[in-house]
Each structure stands twice: as structure tokens, then as C-alpha cells.
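Presented below is the structure to which this report refers.
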2 protein chains.
Amino acid sequence: MSSDAPGFELPLRLLLAFRALIDELHAELSRQGHPDIRPMHGFVMQAIGPGGTTAVELGRALGVSKQAAGKTVESLERVGYVERATDPHDSRRKIVRLTPYGMDALHRSARIFDDLRARWAAELGVERLRALEADLRKVTPANPWRLDTPGWFTSL
Amino acid sequence: MSSDAPGFELPLRLLLAFRALIDELHAELSRQGHPDIRPMHGFVMQAIGPGGTTAVELGRALGVSKQAAGKTVESLERVGYVERATDPHDSRRKIVRLTPYGMDALHRSARIFDDLRARWAAELGVERLRALEADLRKVTPANPWRLDTPGWFTSL
DNA sequence: ACACAATAGACAACCTGATTGACTATGTTG
DNA sequence: CAACATAGTCAATCAGGTTGTCTATTGTGT
């Protein structure tokens with residue numbers, strides 16, 4: 001058939017679908033007591049993880065400088081999602097840990113993402129959704145992490 | 001089955017797939033004589049369109065202020081993708097038009113996106129790819145445009 | 001016709017999130 | 001223990017965005 005979609009539709013739809021999920025996530029998080037959380041926060045908190053990190057590690061994980069990571073941590077600290085404490089084993093390091101409030105945000109995010117996925121499953125059918133996920137896995141790198149998203153798109 | 005993917009994988013894969021396409025596009029554009037083009041440029045030039053536009057309209061289309069749109073146009077102008085001329089019918093307006101070099105970039109982008117889609121078709125199978133596109137259409141808003149992407153993700 | 005409102009664009013000041021460079025304090029190692 | 005490496009902070013700078021203000025032009029209502 002010659003009715004194939006133009007190539008540019010694919011990236012557009014992928015981005016829009018991503019945005020749709022993220023926007024719905026944050027609308028719901030806002031309803032559930034996290035009105036100040038921003039899209040970036042989720043990624044950063046995910047990168048921090050349950051065990052905590054340091055600014056340098058976080059910067060590496062996120063693909064930004066340690067200074068930028070430090071500033072991000074500061075802003076997360078201001079809204080109460082993380083806290084810092086000096087490492088007893090190495091007094092140079094300051095461990096960044098999620099607060100209970102941060103943990104709550106992360107748990108709720110996971111839950112909401114599951115719900116959103118369920119909505120897609122209802123809309124598309126479970127098999128189609130699984131196929132979609134499988135196909136996306138095929139065309140994306142195996143190791144998801146190291147999203148150096150910040151500024152990647154916008155920088156002119 | 002309980003082997004369903006966790007919900008957070010979906011947005012992650014969507015973003016990674018988007019990035020993969022955009023990165024490959026720009027790698028190829030660089031090879032084809034457009035080394036300075038940045039991801040944002042393509043969206044902006046697409047928004048400018050073959051007929052040209054003004055800073056105000058562009059700002060509206062992109063969801064940013066007219067000043068921001070003006071600055072973006074300046075930077076596009078510096079690298080030779082657009083040019084400005086005063087509207088003969090309204091001497092307040094300055095029409096922003098794509099230069100031949102800008103047109104070339106846009107045409108090549110369209111071609112490269114088609115090629116990338118063909119690669120996905122080869123990898124996933126034509127039917128699967130069509131299903132993927134159809135599913136993405138179902139879960140994204142009908143009218144694609146008005147990507148107010150700039151700063152949407154990063155703003156803390 | 002003319003006063004007044006609306007629009008397009010430019011300029012300035014400021015904000016945020018990133019960068020690099022320099023510096024201090026602490027660990028690690030030959 | 002001297003030399004080097006690492007963690008974090010401070011300071012200056014940059015880029016891209018914002019709002020506010022201003023001028024020049026166009027559109028409109030009486």
C-alpha cells in the first residue's frame with residue numbers, strides 16, 4: 001500500500017505519547033499530595049535510588065556536571081524530597097538520600113505509571129500493548145539508564 | 001500472566017525511542033552537510049513552514065513568548081537557515097522565511113525520517129510497525145502541533 | 001478625519017539551569 | 001609522608017527563557 005505514514009510522524013507520536021504519560025502522571029501526583037514535583041524530579045529521584053548517592057555519582061548518572069547535580073539536589077532538598085548527610089566512612093562525601101516524602105512520591109509514581117499502563121491496555125488491548133513494548137525494546141538500547149536528557153533537546 | 005512490564009518502562013522506552021530517532025537523524029544530517037543543526041531547529045523550521053511566518057505567530061505555534069521566538073529566529077539566521085524581510089503589506093511585520101539551505105535541511109530531514117522508518121519496518125516487520133503507529137495515534141491527541149516542548153521537561 | 005486601541009517587533013533587566021575553572025578538605029597510594 | 005585523586009563548594013559565565021517597556025505601524029469607531 002502507498003498509504004504508509006510519513007517518517008516524521010513516528011518521532012512526533014513517540015514524543016507526544018511520552019508527554020501524555022508524563023503529564024497525566026503529574027496531574028495525578030498533584031492530586032495525591034505532590035503538587036510541586038516536576039518531570040525532572042522523578043528522573044533524578046529514580047537515579048538517586050533507595051540507597052542514596054552523592055553529587056558526583058548523580059552527575060555521572062545524569063550526564064551533567066557535579067555542580068549541576070549539586071544544584072539540582074539543593075532544589076530537591078528545598079522542597080523536601082531529599083536530605084543530605086556526611087558519609088561516616090568518608091567525610092568528603094555527602095550522601096543524598098530520599099526522605100519519606102520523596103519515597104512516597106516515588107512509590108506513588110510507580111503506582112500511577114502502572115495504572116496508566118492499565119488504561120493503555122484497556123484502550124489498545126493487552127496483546128497490542130505488549131507488542132508495542134516489545135517493539136520499543138527492540139529499537140532502543142538495552143541499558144536504559146544514563147538519560148542525559150537535561151538540555152539535550154533545547155540547546156541551540 | 002504476572003510477567004507484565006512495570007508501568008514506568010513505557011514512558012522510558014518512548015523517550016528512548018524518540019531520542020534514538022532524533023540522534024540518528026542528526027548524525028545523518030551532519031554527514032549530509034548540516035553539521036550545525038540542532039534537534040530544536042527542525043521543529044522550529046517545521047513550524048515556520050514553506051510560506052514563512054512572523055515572530056509572534058511562531059511564538060504562538062511553539063508556545064513561547066514572541067521575544068523567545070525572536071531570539072530563536074536570530075540564531076537560525078546566524079547559521080543561515082532562515083532570513084527576514086519586512087512585509088510589504090504591513091511594515092510592522094517581518095516575515096521569517098526558510099533559505100534554500102533551510103529548505104534543504106527540511107527536505108533531507110523528511111527523507112531521512114522515511115529511511116529510518118524503513119529501517120524500523122525491516123526490523124519489526126511492516127505490520128508491527130503499522131500497528132505501533134496506529135496504537136500511538138490512539139493514545140495521543142489528534143492535532144499533533146503546538147509542541148510547547150521548550151523547557152517543559154527541565155524546568156524545576 | 002482623527003483619536004484611540006491593538007499589534008509587531010526591539011531592547012533591557014532578570015531568572016534558572018547549565019557550564020568551566022579554581023579552591024579546600026579529605027582519602028589513597030607509592 | 002609526599003604525591004596524587006576525589007568530593008564538594010564558590011564564583012563567573014553562558015544560553016534560553018520570562019516580563020515589562022517602548023516605538024512604529026495598522027485597524028476601528030465615532
Side-chain angles (χ1 to χ4, degrees), chain A residues 36-45 47-49 51-79 81-97 146-156, chain B residues 36-45 47-49 51-79 81-97 146-156:
Chain A
D36 294 332
I37 202 171
R38 307 279 313 128
M40 197 62 206
H41 290 163
F43 282 82
V44 174
M45 292 198 286
I48 291 172
T53 340
T54 69
V56 169
E57 285 175 54
L58 185 59
R60 258 197 278 275
L62 260 44
V64 301
S65 63
K66 60 181 182 176
Q67 293 92 332
K71 288 188 192 179
T72 302
V73 167
E74 266 181 56
S75 90
L76 265 294
E77 202 175 18
R78 267 198 300 277
V79 278
Y81 283 116
V82 305
E83 59 191 0
R84 273 185 289 189
T86 30
D87 184 342
H89 303 328
D90 183 343
S91 51
R92 291 170 306 177
R93 290 160 44 101
K94 291 199 179 168
I95 311 257
V96 180
R97 263 194 226 80
R146 168 86 183 188
L147 318 256
D148 30 67
T149 329
W152 152 74
F153 194 75
T154 49
S155 62
L156 291 176
Chain B
D36 294 332
I37 203 170
R38 307 278 313 127
M40 197 61 207
H41 290 163
F43 282 82
V44 175
M45 291 198 288
I48 291 171
T53 205
T54 69
V56 169
E57 284 175 52
L58 185 59
R60 258 196 278 275
L62 260 45
V64 300
S65 65
K66 60 182 182 176
Q67 293 91 333
K71 288 187 192 181
T72 303
V73 166
E74 264 182 58
S75 90
L76 266 293
E77 202 176 17
R78 266 199 300 277
V79 278
Y81 284 116
V82 306
E83 59 191 1
R84 274 185 288 188
T86 30
D87 185 341
H89 303 327
D90 183 343
S91 49
R92 290 170 306 176
R93 292 160 44 100
K94 290 201 178 166
I95 311 256
V96 180
R97 262 194 227 82
R146 170 86 186 188
L147 321 256
D148 31 65
T149 329
W152 152 73
F153 196 75
T154 48
S155 61
L156 292 177

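Naming: A, B, ... by sequence-line order, numbering from 1 per chain. No hydrogens, no waters, no symmetry mates; every other heavy atom, side chains included, goes into these values.
- Note: NZ (A/K71) to C1' (C/dT19) measures 8 Å, nearest angstrom.
- Closest of all the heavy-atom pairs between B/S91 and B/T86 is O-CG2, 4.4 Å.
- Rounding to whole angstrom units, NZ of residue B/K66 and C1' of D/dG20 are separated by 10 Å.
- Separating the CE atom of B/M40 from the C1' atom of D/dG16 is a distance of 11 Å, rounded to the nearest angstrom.
- Distances were taken from every side-chain heavy atom of A/T54 (C-beta onward) to each of C/dT19, D/dG8, D/dG17; the shortest belongs to D/dG8.
- Candidate nucleotides D/dT9, D/dT26, C/dT19 were compared by shortest atom distance to the side chain of A/V64, and C/dT19 ranks first.
- Separating the NE2 atom of B/H89 from the P atom of D/dT26 is a distance of 12 Å, rounded to the nearest angstrom.
- Between D/dT25 and B/T86, no contact under 4.0 Å exists linking OP1 or OP2 to a side-chain N or O.
- A/M45 contributes atom CE, which lies 6.5 Å from atom CG of A/L76 (distance to the nearest 0.5 angstrom).
- Residues B/I37 and B/Y81 have side chains in contact (heavy-atom distance under 4.5 Å, counting atoms from C-beta outward).
- B/Q67 contributes atom CD, which lies 11.5 Å from atom OG1 of B/T72 (distance to the nearest 0.5 angstrom).
- As a whole-Å value, the separation of A/L58 CG from C/dG17 P is 15 Å.
- Look at B/S65 and you'll find a side-chain N or O under 4.0 angstrom from OP1 or OP2 of D/dT18.
- Looking at heavy atoms from C-beta onward, A/V82 lies in side-chain contact with A/I48 at the 4.5 angstrom threshold.
- The side chain of A/R84 places no N or O atom within less than 4.0 Å of a non-bridging phosphate oxygen (OP1 or OP2) of D/dA7.
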Check your understanding: When every nucleotide of nucleotides 1-6 of chain D is labelled 5' to 3' by its protein contacts under 4.0 Å (heavy atoms), B for base, S for sugar-phosphate only, - for none, what sequence of letters results?
Key -> ----BB
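- Using a 4.0 Å heavy-atom criterion, one finds that B/A55 contacts the sugar-phosphate atoms exclusively.
- The distance from atom CG of A/D90 to atom P of D/dG8 is 8 Å, rounded to the nearest whole Å.
- Rounded to the nearest 0.5 Å, atoms NZ (A/K71) and OG (A/S65) are 8.0 Å apart.
- Rounded to a whole Å, the CG atom of B/D87 is 9 Å from the P atom of C/dG9.
- Closest to the side chain of B/S91, out of D/dG17, C/dA18, D/dT26, is D/dT26.
- Between C/dA18, D/dT19, C/dG9, one nucleotide has an atom nearer to the side chain of B/K94 than all others, and that is C/dG9.
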Output a table of donor-acceptor pairs, distance under 3.5 Å, between side-chain atoms of residues 51-58 of chain B and any protein atom two or more places apart or on a different chain; print 'none' if there are none.
| unit_1 | atom_1 | unit_2 | atom_2 | d |
| --- | --- | --- | --- | --- |
| B/T53 | OG1 | B/E57 | OE1 | 3.2 |
| B/T54 | OG1 | B/E57 | N | 3.3 |
| B/E57 | OE2 | B/R93 | NH1 | 3.4 |

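- A donor N or O paired with an acceptor N or O is found under 3.5 Å between the base of D/dG20 and the side-chain atoms of B/Q67.
- Distance, B/H41 NE2 to D/dA15 P: 13 Å, rounded to whole Å.
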